[in-house]
Amino acid sequence: MRLSQSFSRTLRDAPLSAESRGYAMLLRAGYIKQVGTGIFDLLPFGVKTVRKIENIIRSELNAIGGQEVLFPVVNPADLWKESGRYYSIGSELTRFSDRADRDMVLAMTHEECATDAARFELDSYKKLPCMIYQIQTKWRDDPRPRAGLIRVREFTMKDGYSFDKDDEGMKKQYEAHYKAYFRIFNRLGLKNVISVLSDSGMMGGKVSHEYMYLSPLGEDTIIHHECGYTANKQVATFVKTSNGQNEEKDMECVHTPGAATIDELCAFLNIKPNQTAKAVFLFGEFEDDKDSTKHIGKLVVAIIRGDYDVEENKLANTVKALSLRPATEEEITACKMVPGFASPIGADLTNAILVVDDSVRDSKNLVAGANKKEYHYINTNYKRDWDGGIVADIASAKQGYICPKCKNGAIKADRGIEVGNIFQLGTKYSESMGLYFQNENGERKAVVMGCYGIGVGRALGCIAEEYSDEKGLKLPMSVAPYDVHLVSLVKDNSVCDKLYEELMENGIDVLYDDRNESAGIKFADAELIGCPVIITVGNRGIKEGKAEVKFRNALDETQSVQFSQLKEYIKTAIKERE
């Protein structure tokens with residue numbers, strides 16, 4: 001490709017909205033262009049890079065038995081109504097009607113389409129196991145896109161679906177994907193990726209893992225320990241310590257003026273937070289038990305020890321809420337509870353859901369609200385002084401807490417960007433959508449499914465963050481848009497034209513800067529665009545029969561190479577860096 005004919009152009013400066021270096025460099029180098037909030041054009045350099053990412057994914061999935069398919073972006077809403085997700089997913093799912101007034105959706109993922117196709121194709125155990133995948137556009141009306149390709153509304157995703165006759169078979173495919181994903185990310189150059197236990201969320205299923213690229217840009221918090229424990233903070237556990245109280249004492253109501261927070265209460269009574277029980281109020285949206293197409297709202301009251309915080313995702317999963325929001329004062333007082341001085345003691349929780357963290361169940365003599373302004377009870381004990389509710393782990397893991405796996409050391413917290421995920425779906429979709437097969441004994445059984453995703457555009461965004469510096473991108477050979485960036489610094493391009501043609505004829509993909517621009521502009525653009533090998537030909541080099549070869553991602557080391565040896569030298573360099 002001659003740069004003089006390139007569709008896109010480079011920019012000296014990135015827009016102020018480019019909040020990360022990788023995003024800024026993708027904009028400046030002409031890989032992407034923003035069209036709207038969370039919506040991007042892929043320009044020629046970006047398309048070539050994305051195609052390389054996709055082909056790496058294809059090769060690894062084909063190697064474990066994957067068959068590529070392509071499902072439509074626009075889905076009949078009837079499929080989503082069958083699975084129940086049409087009603088359970090909020091405004092992130094875009095719903096609309098076609099000209100015949102039929103309900104339609106823009107797919108954010110394709111479990112419904114995959115299940116629909118499989119129930120037509122897979123009718124016998126003889127066709128199982130089976131795995132299909134696609135690389136397709138998705139639409140998710142995310143309320144807060146950010147960091148360029150890291151969080152968008154329209155995106156390209158690889159989503160795969162496995163079908164098995166039993167759990168054992170599904171787990172084998174899950175394990176095959178688990179290993180294949182690490183090979184994929186390694187080939188993409190994303191070596192700082194770890195797998196973590198995660199929440200299945202709207203996908204469903206009991207077991208799932210996320211693949212996290214560790215980065216300060218990440219919105220997810222990863223809890224981990226050197227013993228090998230890793231989990232998303234949304235589901236991470238930890239060892240909860242004793243509050244040091246062994247024998248139950250008599251409960252007593254005490255005056256606590258101005259002590260509406262845990263810190264104020266501890267200061268007033270001269271106690272520690274682990275000697276208190278705090279109430280957290282959220283209002284949840286739930287499916288109506290009688291009609292899954294309708295939603296109802298309920299107050300959720302979470303009681304947790306004062307030295308811990310509630311992990312909202314754990315709480316939502318415990319009560320099976322579609323969503324949670326902070327409760328209003330009116331919603332709290334309707335249950336005869338007083339904000340700042342609340343507890344289940346004396347409250348009317350008939351129309352609320354009470355959830356008790358196991359730290360409260362396992363602690364004694366906690367200070368809790370008396371549901372009377374400026375009053376608390378001291379020495380309250382679960383079961384003795386109040387009872388009921390759902391007892392569960394709803395506490396948020398934090399750095400410094402004790403590791404739940406080895407029980408010997410403090411966990412750490414780092415930020416991460418989710419670049420992939422795998423789910424053991426089980427029979428969630430097959431049962432709701434009628435995907436059954438006949439087994440060897442003639443019995444009708446639900447197909448056991450798994451699903452597996454990789455964000456293609458997000459992978460590019462992470463690669464740009466990892467492989468960039470103040471000059472621009474410096475992409476790995478495996479994903480760079482071109483193998484070589486050839487820079488001509490002479491007026492007569494005949495020698496460079498010949499080199500360009502010779503390299504191309506030998507299977508080397510070359511971006512050739514044949515423009516009539518200054519050396520400074522050409523060097524800046526070569527470093528900005530980020531091809532791994534930069535070949536420069538100047539007047540002195542032509543006299544000596546040499547080209548300067550610079551490796552962008554190897555401390556910018558430079559070698560002088562004879563024109564006659566250049567082809568083989570570059571081929572060897574490419575092979576070493578693939």
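Computed from a predicted structure; not experimentally measured.
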Worksheet entry | Test log, rule side-chain contact (heavy atoms from CB on, under 4.5 Å), inputs Phe155 and Arg458 | CA-CA 8 Å; Phe155 53 99; Arg458 183 173 289 186; over 6 Å; no
Fill in: Side-chain heavy atoms of Ile304 within contact of Asp309, under 4.5 Å
no
Worksheet item: Parallel, tilted or perpendicular for Tyr174 and Tyr452, by the 30°/60° rule?
Response: tilted
Worksheet item: Should Ile411 and Cys403 count as side-chain neighbours, where that means a heavy-atom distance under 4.5 Å?
Response: yes
Practice prompt. Measure across Glu247 and Asn365 and return the closest heavy-atom pair with its distance rounded to 0.1 Å.
Written response: O-ND2, 2.7 Å
Worksheet item: Hey, which of Arg305, Lys278, Lys240, Lys314 is the one that makes side chain to side chain donor-acceptor pair (under 3.5 Å) with Asp357?
Response: Lys240
Worksheet entry | Non-hydrogen side-chain atoms of Leu322 and Glu287 separated by less than 4.5 Å | yes
Item to complete: Go through the steps to decide whether Tyr161 and Ile132 satisfy the test side-chain contact (heavy atoms from CB on, under 4.5 Å), and finish with yes or no.
Response: CA-CA 5 Å; Tyr161 306 92; Ile132 57 176; 4.2 Å; yes
Discussion item. For Ser195 and His209, which I'm curious about, is there any donor-acceptor pair between the side chains at under 3.5 Å?
Written reply: no
Item to complete: Could you please spell out the steps behind the side-chain contact (heavy atoms from CB on, under 4.5 Å) verdict for Ser363 and Gln245?
Response: CA-CA 7 Å; Ser363 297; Gln245 301 288 306; over 6 Å; no
Worksheet item: Taking 4.0 angstrom as the limit, do Asp141 and Arg153 come out as a salt bridge?
Response: yes
Item to complete: May I ask you to decide if Gly22's main-chain N or O and Tyr467's side chain share a donor-acceptor pair within less than 3.5 Å?
Response: no
Worksheet item: Got a sec: does the CG of Asp387 have more than 12 other heavy atoms crowding it under 6.0 Å?
Response: yes
Worksheet item: Got Tyr87 and Asp291 here, is their nearest side-chain heavy-atom distance under 4.5 Å?
Response: no
Item to complete: Output yes when a side-chain donor or acceptor of Glu210 lies under 3.5 Å from a complementary backbone atom of Ser198, and no otherwise.
Response: no
Worksheet item: So, for Phe281 and Ala342, which heavy atoms are closest and what is the spacing to 0.1 Å?
Response: CZ-CB, 3.5 Å
Item to complete: Check the pair Asn62, Tyr133 against side chain to side chain donor-acceptor pair (under 3.5 Å), reporting the backbone distance first and the verdict last.
Response: CA-CA 9 Å; Asn62 292 344; Tyr133 72 92; 2.8 Å; yes
Item to complete: Heavy atoms only: give me the nearest Ile262-Pro273 pair and the separation to one decimal.
Response: CG2-CB, 4.1 Å
Worksheet item: Only one of Phe268, Tyr377, Tyr375 clears ring-ring contact (aromatic ring centres under 6.0 Å, His included) with His255; which?
Response: Tyr375
Worksheet item: Does the side chain of Tyr229 come within less than 4.5 Å of Phe238's, by heavy atoms?
Response: no
Discussion item. Checking Ile454 against Val419 for the side-chain contact (heavy atoms from CB on, under 4.5 Å) test, could you report, in this order, the C-alpha distance in whole Å, the side-chain angles of both residues, the deciding distance, and whether it holds?
Written reply: CA-CA 6 Å; Ile454 291 177; Val419 289; 5.9 Å; no
Worksheet item: With under 30° as parallel and over 60° as perpendicular, where do the rings of Phe182 and Tyr211 fit, or are they tilted in between?
Response: perpendicular
Discussion item. Less than 4.0 angstrom from a charged side-chain N to a carboxylate O is my criterion; do Glu60 and Lys158 meet it?
Written reply: no
Worksheet item: For the side chain of Thr261 and the backbone of Glu264, is there at least one donor-acceptor N/O pair under 3.5 Å apart?
Response: yes
Worksheet item: Would a 4.5 Å heavy-atom cut-off, applied to side chains only, mark Gln234 and Asn317 as touching?
Response: no
Item to complete: Provide the closest heavy-atom pair for Arg187 versus Ser478 in the form atom of the first, atom of the second, distance.
Response: O-OG, 2.7 Å
Practice prompt. Start with the C-alpha distance between His110 and Gln136, add both sets of side-chain angles, then the distance that settles side chain to side chain donor-acceptor pair (under 3.5 Å), and finish with yes or no.
Written response: CA-CA 10 Å; His110 279 87; Gln136 174 63 299; 5.5 Å; no
Worksheet item: So, Asp164 and Lys172, do they make that salt bridge, N to O below 4.0 Å?
Response: no
Fill in: Validation row: Leu299, Asn351 side chains within 4.5 angstrom (heavy atoms)
no
Discussion item. Before you tell me yes or no, could you show the steps for Asn379 and Glu248 under side chain to side chain donor-acceptor pair (under 3.5 Å), namely the whole-Å CA-CA distance, both residues' side-chain angles and the distance that decides it to 0.1 Å?
Written reply: CA-CA 7 Å; Asn379 302 324; Glu248 294 183 356; over 6 Å; no
Worksheet item: Does the ring of Tyr86 carry Lys81 above it, NZ/CZ under 6.0 angstrom from centre and within 45° of its axis?
Response: yes
Discussion item. Do Lys383 and Arg361 make a side-chain contact, defined as non-hydrogen atoms from C-beta onward lying under 4.5 Å apart?
Written reply: no
Worksheet entry | Residues Arg146 and Glu219 bridged, charged N to O under 4.0 Å | yes
